[in-house]
K.L.:
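To start, I am sharing the structure in question, which I have written as structure tokens.
Counting starts at 1 for both ligands and their atoms, in listed order.
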Amino acid sequence: MSQAPVAPRPKKRSKPEAGFSRREEARFQDVRIFLVERKMGRSRRSFLTQLARSKGFIVEDILSDAVTHVVSENSQSSSLWAWLKGFSLSDPSTVNVVDISWFTDSMREGRPVAVETRHLIQDILPEAPKAAPVNKVSQYACQRRTTTENYNKIFTDAFEVLAENYEFNDIEGRCLAFRRAASVLKSLPSAVQCVEATQDLPCLGEHTKAVMKEILQYGRSFEVEKILSDLRCQTLKLFTSVFGVGPKTAEKWYRRGLRSFSDVLAEPSIHLNRMQQSGFLHYGDISRAVSKAEAQAVGNIIDEAVHVITPNAILALTGGFRRGKDFGHDVDFIVTTPELGQEESLLIDVIDYLKKQGLLLFTDHQASTFDISKLPSHKFEAMDHFAKCFLILRLESSQVEGGLQRSEGDSRNWRAVRVDLVSPPMDRYAFTQLGWTGSRMFERDLRRFARLERQMLLDNHALYDKTKKEFLTATTEKDIFDHLGLEYIEPWQRNA
Ligand code: CTP
Ligand code: MN
Ligand code: MN
């Protein structure tokens with residue numbers, strides 16, 4: 001590799017280079033390489049670029065936020081880091097800064113290899129005294145322990161507003177950046193007192209830091225206030241708060257000039273689907289948080305129904321309440337049976353039973369489309385294929401310890417509660433439990449970690465090792481963490 005032929009600097013990227021086959025289709029979409037020309041030299045850089053592209057790697061000509069791996073010939077260099085900091089990357093800490101050995105390893109393997117310590121270029125100043133290693137906060141939520149105690153709510157609330165605004169405007173990258181930043185702050189054991197204290201934290205870019213600075217200085221963010229006072233944002237937030245109404249529908253209604261629920265309900269040309277009709281009908285109840293005591297009462301009802309139908313059925317709490325949250329927007333459960341296949345009809349029978357008791361206000365049952373031969377799925381964040389149902393349950397005050405938390409002027413002795421049930425085959429139980437326990441950010445990063453650090457594919461159904469080309473079995477969540485080489489994180493530590 002050291003005696004590289006001197007290739008002319010390509011003027012057009014699409015021109016095939018002599019010596020290599022035409023540029024392959026980009027095979028590794030998740031990896032974007034940038035080769036640092038300093039030390040390497042122009043011709044060698046050009047040669048390595050063509051080599052990588054011929055093997056299906058994406059090599060960027062320009063260093064931008066899209067880059068995932070910065071490759072340098074220098075193995076230890078403070079000047080490289082100083083140079084890198086000169087680029088205003090929104091979050092340099094999420095980029096892998098590696099030496100040429102990672103590149104040559106990847107070329108030899110014909111795929112991007114996992115970054116190992118020996119590949120990393122350390123940010124070492126020449127005369128820096130050897131400081132005690134600080135416990136670095138991981139960029140992956142699945143390597144952080146995040147309880148429900150959030151010491152940085154003033155910041156994370158602001159980030160959530162910004163994230164949602166970007167979501168409404170379909171700017172996914174920025175939305176995710178703010179959700180990541182919020183997630184990092186949630187994992188901290190204390191409140192951030194000054195922006196300088198965030199220096200070593202991952203996932204905090206210039207924009208997030210500017211927002212934090214404002215909040216620290218003035219107690220509020222002007223950008224957030226502007227969004228909150230924006231009519232479009234307010235209306236979209238209102239519409240999406242209805243069960244069954246997503247950002248697309250909300251936007252459609254807004255564009256048609258509708259601004260309130262009465263506008264929507266009075267508009268004759270709007271056809272509400274069944275879910276949305278129930279959403280409006282029970283809006284007051286299901287937009288109000290469910291308490292732990294109410295979740296417990298729902299658990300008792302589901303428990304009775306499931307066990308009347310199948311005495312040896314297995315029922316487990318999942319979702320936010322399993323993570324120890326005090327309030328939730330719904331209550332989530334997994335139900336299954338030890339006999340493979342029997343779970344297929346279980347949900348239908350449970351729904352039937354609840355219906356006969358007059359407890360069901362809404363049912364949306366989705367039969368299983370799970371097909372083991374279609375695994376592994378490469379779709380990131382795809383819905384799982386297990387049988388599931390989204391319900392609205394009638395909960396009587398008398399069933400709740402301490403009674404219902406009633407809103408003012410409400411004399412009813414019941415409330416509507418959203419309930420989700422999922423029913424995987426028993427041998428998929430651990431994957432489902434891990435997938436449904438959440439949080440969404442924790443799940444996202446588990447999958448990202450599996451893919452980028454372990455060359456594995458994880459979803460609610462299975463874990464697939466791409467290197468060994470085999471599925472890894474698991475009967476407990478701990479088995480899955482073990483396969484991934486991750487420390488076990490308890491459900492109550494997954495509130496990322
Ligand atoms: N989930 C899923 N597939 C679905 C629905 C949900 O994998 N079809 C997962 C989500 O990724 C999430 C978990 O189930 O991690 C729980 O979802 P949800 O009830 O929406 O969120 P919670 O974390 O329980 O929060 P909340 O208290 O607001 O209900
Ligand atoms: Mn939930
Ligand atoms: Mn849910």
K.L.:
Can you name the atoms of ligand 1, numbered from 1 with element, that are less than 4.0 Å from a heavy atom of Gly319?
P.N.:
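Checking each atom against Gly319, I get 24 (O).
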K.L.:
N/O of Arg440 under 3.5 Å from N/O of ligand 1, yes or no?
P.N.:
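Such a contact does occur with ligand 1.
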K.L.:
Is there a donor-acceptor contact under 3.5 Å linking the side chains of Arg144 and Ser183?
P.N.:
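There is such a pair (donor and acceptor under 3.5 Å, judged by atom type) between the side chains of Arg144 and Ser183.
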K.L.:
Under a 4.0 angstrom heavy-atom cut-off, which atoms of ligand 1 come close to Gly320?
P.N.:
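What qualifies from ligand 1 is 22 (P), 23 (O), 24 (O).
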K.L.:
Only one of Phe431, Phe386, Phe471 clears ring pair (Phe, Tyr, Trp, His ring centres under 6.0 Å) with His461; which?
P.N.:
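Single pass found, and it is Phe386.
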K.L.:
For the Mn ion (ligand 2), give me the closest N/O/S atom belonging to Asp332, just the atom name.
P.N.:
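So the atom name we want here is OD2.
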K.L.:
Can you list the ligand 1 atoms lying under 4.0 Å from a non-hydrogen atom of Asp330?
P.N.:
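Selected atoms, number and element: 19 (O), 29 (O).
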K.L.:
Side-chain donor-acceptor pair under 3.5 Å between Asp285 and Trp414, yes or no?
P.N.:
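Side-chain D/A pair, Asp285 to Trp414: absent.
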K.L.:
Is it the case that Arg259 places NZ or CZ above or below the six-membered ring of Tyr254, under 6.0 angstrom from the centre and within 45 degrees of the axis?
P.N.:
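Cation-pi check for Arg259 and Tyr254: passes.
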K.L.:
Could you tell me whether some N/O pair between Ser439 and ligand 1 is separated by less than 3.5 angstrom?
P.N.:
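N/O-N/O distance below 3.5 Å does not exist for this pair.
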K.L.:
Going by the order shown, which atoms of ligand 1 are within less than 4.0 Å of some heavy atom of Gly328?
P.N.:
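Answer, ordered by atom number: 27 (O).
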K.L.:
Under a 4.0 angstrom heavy-atom cut-off, which atoms of ligand 1 come close to Lys325?
P.N.:
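Counting atoms of ligand 1 from 1, those under 4.0 Å from Lys325 are 25 (O), 26 (P), 27 (O), 28 (O).
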K.L.:
Do you know which N/O/S atom name in Asp330 is closest to the Mn ion (ligand 2)?
P.N.:
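So the atom name we want here is OD1.
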K.L.:
Can Thr437 and Gln433 be counted as having a side-chain donor-acceptor contact under 3.5 angstrom?
P.N.:
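Note: Thr437 and Gln433 side chains meet the donor-acceptor criterion.
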K.L.:
Could you list the atoms of ligand 1 found under 4.0 angstrom from a heavy atom of Arg323?
P.N.:
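Checking each atom against Arg323, I get 23 (O).
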K.L.:
Which label fits Phe442 and Phe481: parallel for a plane angle under 30°, tilted from 30 to 60°, or perpendicular past 60°?
P.N.:
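The arrangement is tilted - the two ring planes meet at 30° to 60°.
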K.L.:
For ligand 1, does Asn460 get within less than 4.0 Å through its side chain, its backbone, both, or neither, judged by non-hydrogen atoms?
P.N.:
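For Asn460, only side-chain atoms sit under 4.0 Å from ligand 1.
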K.L.:
Can you tell whether the side chains of Arg412 and Asp410 come within less than 4.0 Å, N to carboxylate O?
P.N.:
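A salt bridge links Arg412 with Asp410.
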K.L.:
From the N, O or S atoms in Asp420, identify the one nearest to the Mn ion (ligand 3).
P.N.:
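Nearest N/O/S atom: OD2.
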K.L.:
Assess the residue pair Phe390 and Phe243 against the criterion (ring pair (Phe, Tyr, Trp, His ring centres under 6.0 Å)); give the C-alpha distance rounded to whole Å, side-chain angles, the decisive distance to 0.1 Å, and a yes or no.
P.N.:
CA-CA 10 Å; Phe390 309 111; Phe243 178 46; 7.7 Å; no
K.L.:
Quick one: which ligand 1 atoms are inside 4.0 Å of a heavy atom on Met383?
P.N.:
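Numbered from 1, ligand 1 contributes 4 (C), 8 (N).
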K.L.:
Could you check whether Glu339 and Asn312, counting side-chain N and O atoms only, form a donor-acceptor pair closer than 3.5 Å?
P.N.:
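Indeed, the side chains of Asn312 and Glu339 share at least one donor-acceptor pair under 3.5 Å.
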K.L.:
In ligand 1, which numbered atoms sit nearer than 4.0 Å to a non-hydrogen atom of Asp332?
P.N.:
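Within the 4.0 Å cut-off of Asp332, ligand 1 contributes 19 (O), 24 (O).
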K.L.:
Please compare Phe390, Trp436, Phe386 and report which has the shortest non-hydrogen distance to atom 14 (O) of ligand 1.
P.N.:
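Comparing heavy atoms across Phe390, Trp436, Phe386, the nearest one to atom 14 (O) of ligand 1 lies in Trp436.
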K.L.:
Here's a test for you: under salt bridge (Lys or Arg N to Asp or Glu O under 4.0 Å), which of Lys248, Lys237, Arg179 qualifies with Glu167?
P.N.:
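Of the listed options, the one satisfying the test is Arg179.
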